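Below: the structure, in structure tokens.
Atoms considered below: every heavy atom in the structure, side chains included; atoms not considered: hydrogens, waters and symmetry mates. Predicted model, so just to flag it, every value in this text is computed and none were measured. In the text below, chain A, chain B and the rest are named by the order of the sequence lines, each starting its count at 1.
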Amino acid sequence: MLESRAGVIFVGGIGFFLFAFVSNVVVPVLMYKDQPEKTAEEMVNSNVMYQFVELSKRYEEPFRQAFGEPTEENCAQALRLGRSLFVGEGCFHCHSQFVRPVSNESMRYGKVSSSDEYQNELQRPVLFGTRRVGPDLSRQGGRHGNDWHAAHFYHPQSIVPESVMPQYPWFFDGSPDKPNRRGIAMMTYMQWLGSWLDSYPYYEELDSIKSEGF
Amino acid sequence: MTSSKTVQTDIPRHEDIVDERLVRWFFYASLVYMGISMLGGLLMAAQLVHWYPIQNIEFLSAGRWRMIHTNAVAYGFIANAFLGMLHWVVPRLTLHRVASVWLSYFIFFAWQVIVLSTAGGIIFGPAFQSQDWVMEAARNLHISMNLGAQGLEWGETPFWIDPVALLGLALVAFNFLVPISKAKGSLYVTLWYFMAAFVWTFLTYAMGNFLPEYALAGSSAGAVGGLFIHDLVGLFVTPLGWGLMYYLVPIILKKPIWSHGLSLVGFWGLAFFYPLQGIHHFLYTPIPMFLQYGAVISTIAVEFVVATVVINFFGTIWGDSRMAFKNLPIRWFYTGIVYYFITCFQCALQVTLTFQKLIHFTDWVVGHAHLVMFGVFSQWIFGMMTYLIPRLLKKDWYSNRLCEWHYWCSAVGVFVMFLDLTLAGLFQGYYWAALQPWEVGLNGSQPFWITRIFAGLAMFFGFLCFVYNLVMTMRKGESNATATATA
Ligand code: HEM
């Protein structure tokens, strides 16, 4: 068996692969079978809607061209597009989307990530990420205003001089106050991340922790 | 093969079973992609040190080119080079042609189409993402209609290419399994690795490019994703790489592998433990903890297996170690083997939860990735090319000194990059755990990122020496007879 064609192909090739597949994939799938996958529409909540409406007021004309009215349906569409761009632009190679229970991460970012946060259409494939050149984004919603994001995407270094994040002028029609469909979708997506939690963590809290001599 | 007891006369002639032109084509294609990939890496590296001047051109965005960087290496460079080697090795080991030479040429062109459309998709796809019909389809089908990259590392291949690539892999497997099935007598170690690799590559690709995109979300998709990233290196690149080592090292050293028993341990140990480790890429995620422990333990187990393989190869060269200095291909191979041991030793440490706290998400991991992908597999491939190209072109290298330059720039360059990024990772881990503002960590990384760009330039320079040397060898006039020992 150890040196025969059938042994190598069926035991080593297919058999061991299937064993790994069952133990590493089928087991978690069975464990989560009671948490059905939510659609993007179901993931729209009042926090992100607040931001979506805010975007429609702040960038009236660009918003109307891009998404029309700030309805929940259009918000779901913006989230889908935002997520696709997050992947397509390679943001997920510089930004992770999970908070670990170690290394003081819950102090920096907020609540440690849990499985139920990921059972939705916008996490297929899941965007855990493997590298942090920039900070984790899973608690990004509400942390910065939309105008901050617009200026930051247009030219990150104008806000954070040390930033090594690339500029994304193609999210805009010429200037940071004219985001196009891609820009608005990306900002909505940023504001959505973590918006399902009860409370937002803020950097100010972090500062107060530190000033208390932590 | 150079086995000395080939007295039978019905052994087919080399020219009848190996299509050398195809081997050359695969090699040239792989070198083109290596050049592209290195440029992509340099673009991203320049972005990280604020030296990237082209910010306004969408199609040169550093984020997209970072994905070109990794995909061009995996599917362009490594896959093409291995396909070239397989077209040389499999017929010579089995004494049979591939199933169909016509199919081989078809695979050659189909594979270039796949790689180039992957690159095209990654670069141009996002520009079309916001069109109405794409957004409508995404809404109706509830899938992410990513015209560009998909959200899984190494699985970025756009969704409209995945089925074609999978078909290509099936054809490759068929083309080589036919001669292997015809071979008489017991099979050599190399062929075990190859057979398993054909099966694994197909299954891995199918698993990683369809399940997490269409069927699964959340943590279980993460488990598949981890398995995919890991299996692509472990079940496609690693077995083909080791299979080729088992073939080439004994031929060049003119003696058999030291221990057949250890070869068996190495192969079956890899086959069993390697696929079980995927989740170690996502430790401390919401994936169930007992699965994470399982992945950690099997990762540590595989390091013992790796040790047996490495010992086997050192047993083989024992007594002939001067060959590692005199013979350039052997030097490439054994440098790779030493780096392989370092990578795997490092892996046994970094996979523990203690280390993970500190180094996960940092440049430590990137250093690890370069040591294994470049330091081991690319260096092996360069060694194979250094060995084979004189035989394919029927002439000596234009310049042996340029070959030496290639070796030293690559071997030293990648090791500097590895040390530099490992150290950077430790610093970054501590900056973050100490809750420093993000900018502090960025500034602290700058010296390391600047060093990395120079290490990368050294590697790139070595590569350019190689390409120049190759072009000059091709243009060189008459052949020197010394290098034509292909019988
Ligand atoms: C010219 C030399 C090179 C330079 C300057 C370079 C630079 C880079 C950079 C900047 C990254 C992104 C790291 C990050 O996200 O922080 C990267 C990632 C990567 N590179 Fe390279 N690279 C070079 C050559 C190569 C070669 C030849 C290979 C493979 C044979 C390779 C394999 C990889 C891999 C696998 C990753 C992904 C690492 C990860 O996600 O953990 N690189 N490289």
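Note that CG of Asn104(A) is 10.5 Å distant from NZ of Lys357(B), once rounded to the nearest 0.5 Å. Rounding to the nearest 0.5 angstrom, the gap separating the OG atom in Ser23(A) from the CG atom in Leu291(B) is 7.5 Å. Atom CZ of Phe16(A) is separated from atom CG of Leu270(B) by 10.5 Å, given to the nearest 0.5 angstrom. Note that the CD atom of Glu117(A) and the OG atom of Ser219(B) stand 9.5 Å from one another [nearest 0.5 Å]. In this structure, CD in Gln77(A) is found 9.5 Å from CG in Asp132(B), a value given to the nearest 0.5 Å. Note that CG of Leu353(B) and CZ of Arg100(A) are 10.0 Å apart. Values are rounded to the nearest 0.5 Å.
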message = What verdict does the side chain to side chain contact (heavy atoms under 4.5 Å, CB included) test give for Val160(A) and Trp438(B), after you've listed the backbone C-alpha separation in whole Å, the side-chain angles of each residue and the deciding distance to 0.1 Å?
response = CA-CA 10 Å; Val160(A) 185; Trp438(B) 202 264; over 6 Å; no
message = If you apply the rule side chain to side chain contact (heavy atoms under 4.5 Å, CB included), what do you find for Ile9(A) with Leu177(B), and how did you get there?
response = CA-CA 10 Å; Ile9(A) 289 185; Leu177(B) 283 175; 4.2 Å; yes
From CA spacing to verdict: side chain to side chain contact (heavy atoms under 4.5 Å, CB included), Tyr168(A), Ser61(B) = CA-CA 8 Å; Tyr168(A) 293 94; Ser61(B) 174; 4.1 Å; yes
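Of the possible donor and acceptor atoms, none in the side chain of Trp432(B) sits under 3.5 Å from a partner among the backbone N and O of Pro135(A). Glu37(A) contributes no side-chain N or O that, together with a main-chain N or O of Leu216(B), makes up a donor-acceptor pair within less than 3.5 Å.
Residues Glu213(B) and Arg124(A) are not paired through a salt bridge, judged by the lack of any N-O separation under 4.0 Å between the basic side chain and the carboxylate. Salt bridge present: Glu58(B) and Arg182(A) bring a charged side-chain N and a carboxylate O closer than 4.0 Å. Salt-bridge check for Glu153(B) with Arg131(A): failed, with every basic side-chain N at 4.0 Å or more from each acidic carboxylate O. Salt bridge annotation for Asp363(B)-Arg132(A): absent, with no cationic side-chain nitrogen under 4.0 angstrom from a carboxylate oxygen.
Under 3.5 Å, the side chains of His142(B) and Arg80(A) contain a donor-acceptor pair of N or O atoms.
Of the atoms belonging to Ala197(B), not a single heavy atom falls under 4.5 Å from chain A.
Taking the six-membered ring where the residue is Trp, the centroids of Phe98(A) and Phe361(B) are separated by under 6.0 Å. For Phe19(A) and Phe272(B), the ring centers sit closer than 6.0 Å to each other.
In this structure, Thr130(A) and Phe282(B) have side chains that are in contact, with non-hydrogen atoms separated by less than 4.5 Å.
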